[in-house]
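FYI, side chains are in, hydrogens and waters are out, and symmetry mates aren't considered; it's all heavy atoms of this structure.
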Amino acid sequence: MDAEIIVVGSGPSGALTAALLAEAGARVLVLEEGPWLRVEDTEPFSAGEMAAKYRHAGASVALGRPGVAYAEARCVGGGSEINSGLYHRTPGEMLRAWSDMQGVPECDEGALAPHFEFVEAALSVGHTADGVSVASRLLAQGATALGWQAMAVPRWVRTDAQGRSRKESMTRTFVPRLLAAGAGLRPSCRVRRLGRGEGCWELDCEEGDPRSPRAVTLRARDVFLCAGAIQTPALLQRSRLHPAAGASLRMHASAKITARFEEVVQDTGGGVPVHQVKEFAPRISLGCSISSPAHLHVALAAWPQGHRLVQENGPSMATYYAMVRQGNGSVRTLPGLRDPIVRFDVGRQGLRDLHEGLVRLAQCLQAAGAQELYPSATPLRTIGAHDSPEEVARLLAPCALQLMTIHLMGSCPMAGDARRGVTDPYGAVWGQPRLWVNDASLLPQAPGVNPQGTVMAFARRNVLHYLEHDRA
Ligand SMILES: Cc1cc2nc3c(=O)[nH]c(=O)nc-3n(C[C@H](O)[C@H](O)[C@H](O)COP(=O)(O)OP(=O)(O)OC[C@H]3O[C@@H](n4cnc5c(N)ncnc54)[C@H](O)[C@@H]3O)c2cc1C
């Protein structure tokens, strides 16, 4: 055996899982496909960061009408290394729905509270004014002017003695913890498939430079799959371990509007926006996106005048989003293809919610003083400062929306009944002894809030259950 327990993936779920198991005395090995880089090795939210830490440099697409561009991390620390660090607990109504729909016990606010508290303490979740741009504040101001509920979302950040804040990603928190507790970590090690050996799991891996990798087989008694909502079901399918893995996929599909204001709104050079409008949640959430010059260029790429607009007005521009939780998709592997085929259908209700979200977002930005709005929809149509919501709705009605997401989940849902889920309520894969899923794949639905807090709270709940009931 190379380890008692192998954890596949070192994102928020994998790093936390490995650290807690190692701290409980288990011999743990973490296998991570991506490279091991520090947060400071790349400029946050830059093209360089995308090339180094994202799968396919951030360019992945879920097929559908409309298709959805999505991003996945591929590095030690997973999504926590590249994300904005916005933290929410799971809304109580979501937890009740999951408990009723899937028959999942210990799935209410009370039962999960200790796990959320643990995550909040470990990642120093709190509010910081550091780096919050005018662009972010304007969203909340527009909402307040309309009488809508808005909030500044807390983040996982630690403030140093000089008052500077730094994001508490996994390479700064649970990766050092798992190493200190004696766990091993092999970066640039991709698990291709896993199968049964004698009294153990055998994992076929590719290690080293992806252009000329070495084949390695590693063995462990127990395996936790924490490779994220696309790669975990793909691994289960390639290994023929569960026919329903990847039969569902949930996400927060988002459509965007880029706004031009009269004043400078990027006073912090495009720092992390934290404001969100929750008046229409959980159906629709509105928020402010990262709006560095590179991000503005991408957001306006379809507009003939986009390049000039950013060059002339970049500091007065920002991109905002409307995000919904409707729709369902799938992840399917095909023989000979390295990457799975991902599909997503946002559905009629999802499309209605997205159109409504864009109209409300336009209203909010107009109330905040926006002069012109550029929605991510074709045919390209500019919204003016005084267009009424009815005019905006009419303008957008025939448009095809360009959708994107950074929140993926729900591809191996947990359930109290083997017919409704891929795993039991604590992540054990139905019909496969000593194999667990413990990542974003488990969530039965899109939670309607930034998901990392939910992913980590369930991961801790499941590890404690394993240590009490299954480890011996
Ligand atoms: C750009 C961006 C911004 C985001 N912003 C926020 C935010 O502000 N707040 C929030 O709550 N959430 C945010 N999210 C979502 C959040 O990051 C994810 O919900 C979270 O990272 C999911 O954790 P995970 O452990 O399930 O998967 P991941 O973080 O995806 O980690 C999976 C890891 O497994 C590795 N892996 C995959 N396949 C294999 C294999 N075969 N072998 C070995 N290793 C493998 C991957 O390389 C990856 O490192 C954001 C996501 C992105 C992409």
(request) For residues 341-350, pull every pair meeting side chain to side chain donor-acceptor pair (under 3.5 Å), keeping only residues two or more places apart or in separate chains. (result)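 Qualifying pairs, neighbours excluded: Gln349-Arg352, Gln349-Asp353.
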
(message) For Phe45 and His295, take the angle between the two ring planes, folded into 0 to 90°, and tell me which bin it lands in: parallel under 30, tilted 30 to 60, perpendicular over 60.
(response)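 Correct class here is perpendicular.
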
Polar contact flag, side-chain donor to acceptor under 3.5 angstrom, [X]-[Y]:
X	Y	answer
Gln402	Ser376	no
Thr171	Glu81	yes
His252	Thr405	no
Arg420	Gln102	no
Thr258	Thr319	yes
Asp439	Thr232	yes
Tyr87	Glu120	yes

(message) Let's go through Asn438 and Ser13 carefully: what are the C-alpha distance in whole Å and the side-chain angles of both, what is the deciding distance for side-chain hydrogen bond (donor to acceptor under 3.5 Å, both in side chains) to 0.1 Å, and is it a yes or a no?
(response) CA-CA 6 Å; Asn438 207 25; Ser13 64; over 6 Å; no

Any side-chain to backbone donor/acceptor pair from [X] onto [Y]? Under 3.5 Å, distance only.
X	Y	result
Gln266	Gly314	no
Ser285	Ala281	no
Glu202	Leu218	no

(message) Is the positively charged end of Arg360 above the ring of Phe280, judged by distance under 6.0 angstrom from the centroid and angle within 45° of the axis?
(response)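 Yes.
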
(request) List the atom of His355, the atom of Cys399, and the distance in Å for their closest heavy-atom pair. (result)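 Here His355 and Cys399 meet closest at NE2-O, 3.8 Å.
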
(message) Can you tell me which residue among Arg214, Arg193, Arg192 is in a salt bridge (Lys or Arg N to Asp or Glu O under 4.0 Å) with Glu206?
(response)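 When Arg214, Arg193, Arg192 are each tested with Glu206, the salt bridge (Lys or Arg N to Asp or Glu O under 4.0 Å) holds only for Arg192.
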
Identify whether the distance between the nearest side-chain nitrogen and carboxylate oxygen of [X] and [Y] falls below 4.0 Å.
X	Y	answer
Arg55	Glu33	yes
Glu40	Arg172	yes
Glu168	Arg158	yes
Glu207	Arg186	yes

Run the side-chain donor-acceptor check on residues 447-457: report pairs under 3.5 Å with partners two or more places apart or on a different chain.
unit_1, atom_1, unit_2, atom_2, d
Asn450, OD1, Gln276, NE2, 3.0
Gln452, OE1, Asn83, ND2, 2.8
Thr454, OG1, Thr90, OG1, 2.8

(message) For Glu262, is the CD atom crowded, meaning more than 12 foreign heavy atoms sit under 6.0 Å from it?
(response)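 Incorrect, the count does not exceed 12.
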
